[in-house]
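Note sheet for the following structure.
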Amino acid sequence: MKKVLLTGATGFIGSQVTKELLRRGYEVHALVYPPFAPEQPNFIQHEMNLLDASAVEHFMAEHNFENLIHLAWYVGPKCHVSDLNMDWVVATLNLLKSFKEHGGKVFAGAGTCSEYEYKYGYLLEDETPTDPQTLYGNGKNAVFNIAKVYCRQNGISFKWPRIFNLYGPNEKPQRLMPSVINSCLKGEDVKVSDCLKFQDYLHVEDTARGIVAVFESNLEGAVNICSGQPVQLRTIVNKIAELTNFQGSILWGAIPAAFGDDLVVGNNEKLKSIGWTPKYTLEEGLKMTIEWWRTHNV
């Protein structure tokens with residue numbers, strides 16, 4: 001059985017990547033900081049604080065994994081400006097070094113659209129400049145630049161799926177779509193920003209399938225994981241209201257707009273070149289997500 005080491009396995013994206021890897025016949029070993037995920041066949045969880053370099057080195061020396069998908073990073077409050085991004089840069093590079101020293105062959109690390117210089121609007125892996133405006137984006141891009149050279153020098157296949165905006169079941173409730181969905185389901189006034197920006201949204205299951213497809217492919221370097229389709233945030237909010245038969249008020253501009261440019265959309269031709277296609281349209285994905293929240297939170 002194929003074996004892969006996975007970090008971030010219990011997170012919003014990682015739980016779906018775990019499901020996809022198991023579906024494809026992998027034995028998944030997850031480095032998990034408690035709480036643990038429910039047990040299931042071929043899913044082995046190892047308690048680990050990835051910021052503890054000596055513990056990581058000891059574990060890697062014992063197990064000799066050839067395949068690593070690294071999704072873990074700090075995504076808590078104010079993640080784009082938090083000093084913890086510095087810790088995660090160091091932790092990621094330590095993990096990669098231990099992986100290499102103990103037989104590593106294929107490394108896939110989670111990148112982000114925040115690495116790009118947003119002013120270009122339409123973002124292409126090998127052409128759009130990377131000039132991040134946040135500590136989070138700079139941290140990820142620093143790892144990308146160091147890891148791609150380190151892997152090349154050491155004969156490791158290097159893959160960097162750059163993840164764009166995503167949505168789906170079990171997203172943090174304070175995020176745009178869950179907050180709007182739950183307000184609509186409860187019949188409360190929907191408080192949002194002006195929602196005039198255009199973004200690129202992909203369902204979390206399609207994101208996970210994209211990450212695993214890149215991991216298994218012959219592609220190297222950065223690969224955008226995105227829908228390739230810009231959608232205005234106001235359109236999303238109105239569609240959720242329609243799908244939930246919401247009869248209340250939408251209070252546009254009730255909260256400040258998030259930082260960022262007015263248009264952020266990715267080119268996904270590189271991802272599609274390996275046979276990936278999205279399973280969900282935006283409307284289908286929203287319907288599924290609404291039903292999940294209807295049964296889990298209301």
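These numbers were taken from a predicted model, which means no experiment stands behind them.
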Applying side chain to side chain donor-acceptor pair (under 3.5 Å) to Lys78 and not counting sequence neighbours gives none
[Y] backbone acceptor or donor facing [X] side chain under 3.5 Å:
{"X": "Glu47", "Y": "Gln45", "result": "no"}
{"X": "Arg209", "Y": "Thr277", "result": "yes"}
{"X": "His203", "Y": "Glu205", "result": "yes"}
{"X": "Asn67", "Y": "Lys105", "result": "no"}
{"X": "Gln232", "Y": "Leu196", "result": "yes"}
{"X": "Ser249", "Y": "Leu251", "result": "no"}
{"X": "Glu115", "Y": "Thr112", "result": "yes"}
{"X": "Ser82", "Y": "Cys79", "result": "no"}
{"X": "Lys159", "Y": "Leu219", "result": "yes"}

Is a side-chain donor-acceptor pair under 3.5 Å present for Tyr122 with Asn267?
->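 Yes, Tyr122 and Asn267 have a side-chain donor paired with an acceptor closer than 3.5 Å.
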Among side-chain atoms of Gln133 and Tyr118, is any donor-acceptor pair under 3.5 angstrom?
-> no
So, do [X] and [Y] sit near enough that their side-chain heavy atoms are less than 4.5 Å apart?
{"X": "Phe144", "Y": "Asn141", "answer": "yes"}
{"X": "Asp126", "Y": "Lys270", "answer": "yes"}
{"X": "Lys172", "Y": "Pro178", "answer": "no"}
{"X": "Asp194", "Y": "Trp252", "answer": "no"}
{"X": "Tyr136", "Y": "Trp73", "answer": "yes"}
{"X": "Glu171", "Y": "Val204", "answer": "no"}
{"X": "Leu123", "Y": "Phe164", "answer": "yes"}
{"X": "Val4", "Y": "Arg24", "answer": "no"}

Evaluate the criterion side chain to side chain contact (heavy atoms under 4.5 Å, CB included) for residue pair Phe12 and Leu71; output intermediate values, then yes/no.
-> CA-CA 10 Å; Phe12 178 47; Leu71 304 178; over 6 Å; no
Take Leu135 and Met86 through the side chain to side chain contact (heavy atoms under 4.5 Å, CB included) test and state the conclusion after the steps.
-> CA-CA 8 Å; Leu135 191 57; Met86 302 283 283; 4.2 Å; yes
Might you point out which heavy atoms bring [X] and [Y] nearest each other, and give the distance in Å?
{"X": "Ser193", "Y": "Ala257", "result": "CB-CA, 3.6 Å"}
{"X": "Pro278", "Y": "Leu202", "result": "CB-CD1, 4.4 Å"}
{"X": "Ala72", "Y": "Gly8", "result": "CB-N, 3.7 Å"}
{"X": "Val223", "Y": "Val214", "result": "CG1-CG2, 3.8 Å"}
{"X": "Lys140", "Y": "Trp160", "result": "O-CZ2, 3.3 Å"}
{"X": "Lys3", "Y": "Tyr26", "result": "N-CD2, 4.3 Å"}

Mind checking whether [X] and [Y] sit in one hydrophobic cluster, side chains of I, L, V, M, F, W, Y counted as touching below 4.5 Å?
{"X": "Phe158", "Y": "Ile69", "answer": "no"}
{"X": "Val90", "Y": "Phe59", "answer": "no"}
{"X": "Leu5", "Y": "Leu51", "answer": "yes"}
{"X": "Met60", "Y": "Val106", "answer": "no"}
{"X": "Leu166", "Y": "Leu233", "answer": "no"}

Who passes side-chain contact (heavy atoms from CB on, under 4.5 Å) against Glu242, sequence neighbours left out?
->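 Testing Glu242 for side-chain contact (heavy atoms from CB on, under 4.5 Å), a comparison that skips the adjacent residues, returns Lys239.
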Indicate yes or no: does Lys287 engage Glu284 in a salt bridge with an N to O separation below 4.0 Å.
-> no
State whether the number of non-hydrogen atoms from other residues, nucleotides or ligands found under 6.0 Å of [X] atom [atom1] is greater than 12.
{"X": "Tyr33", "atom1": "OH", "answer": "no"}
{"X": "Gln174", "atom1": "CD", "answer": "yes"}
{"X": "Lys279", "atom1": "NZ", "answer": "no"}
{"X": "His58", "atom1": "NE2", "answer": "no"}

Could you state the interatomic distance from [atom1] ([X]) to [atom2] ([Y]), rounded to the nearest 0.5 Å?
{"X": "Asn42", "Y": "Thr18", "atom1": "CG", "atom2": "OG1", "result": "12.0 Å"}
{"X": "Asn49", "Y": "Ser54", "atom1": "CG", "atom2": "OG", "result": "9.5 Å"}
{"X": "Tyr116", "Y": "Asn224", "atom1": "OH", "atom2": "CG", "result": "3.5 Å"}
{"X": "Phe215", "Y": "Leu6", "atom1": "CZ", "atom2": "CG", "result": "9.5 Å"}
{"X": "Asp200", "Y": "Ile225", "atom1": "CG", "atom2": "CD1", "result": "11.0 Å"}
{"X": "Cys184", "Y": "Ile290", "atom1": "SG", "atom2": "CD1", "result": "7.5 Å"}

Carefully, step by step, assess His102 and Glu62 under the rule side chain to side chain donor-acceptor pair (under 3.5 Å).
-> CA-CA 9 Å; His102 300 291; Glu62 282 189 340; over 6 Å; no
Quick one: do Ile236 and Ile240 satisfy side chain to side chain contact (heavy atoms under 4.5 Å, CB included)? Show the steps, please.
-> CA-CA 6 Å; Ile236 292 172; Ile240 292 171; 4.0 Å; yes
Derivation and outcome, side chain to side chain contact (heavy atoms under 4.5 Å, CB included), residues Val17 and Val212 | CA-CA 7 Å; Val17 170; Val212 177; 4.0 Å; yes
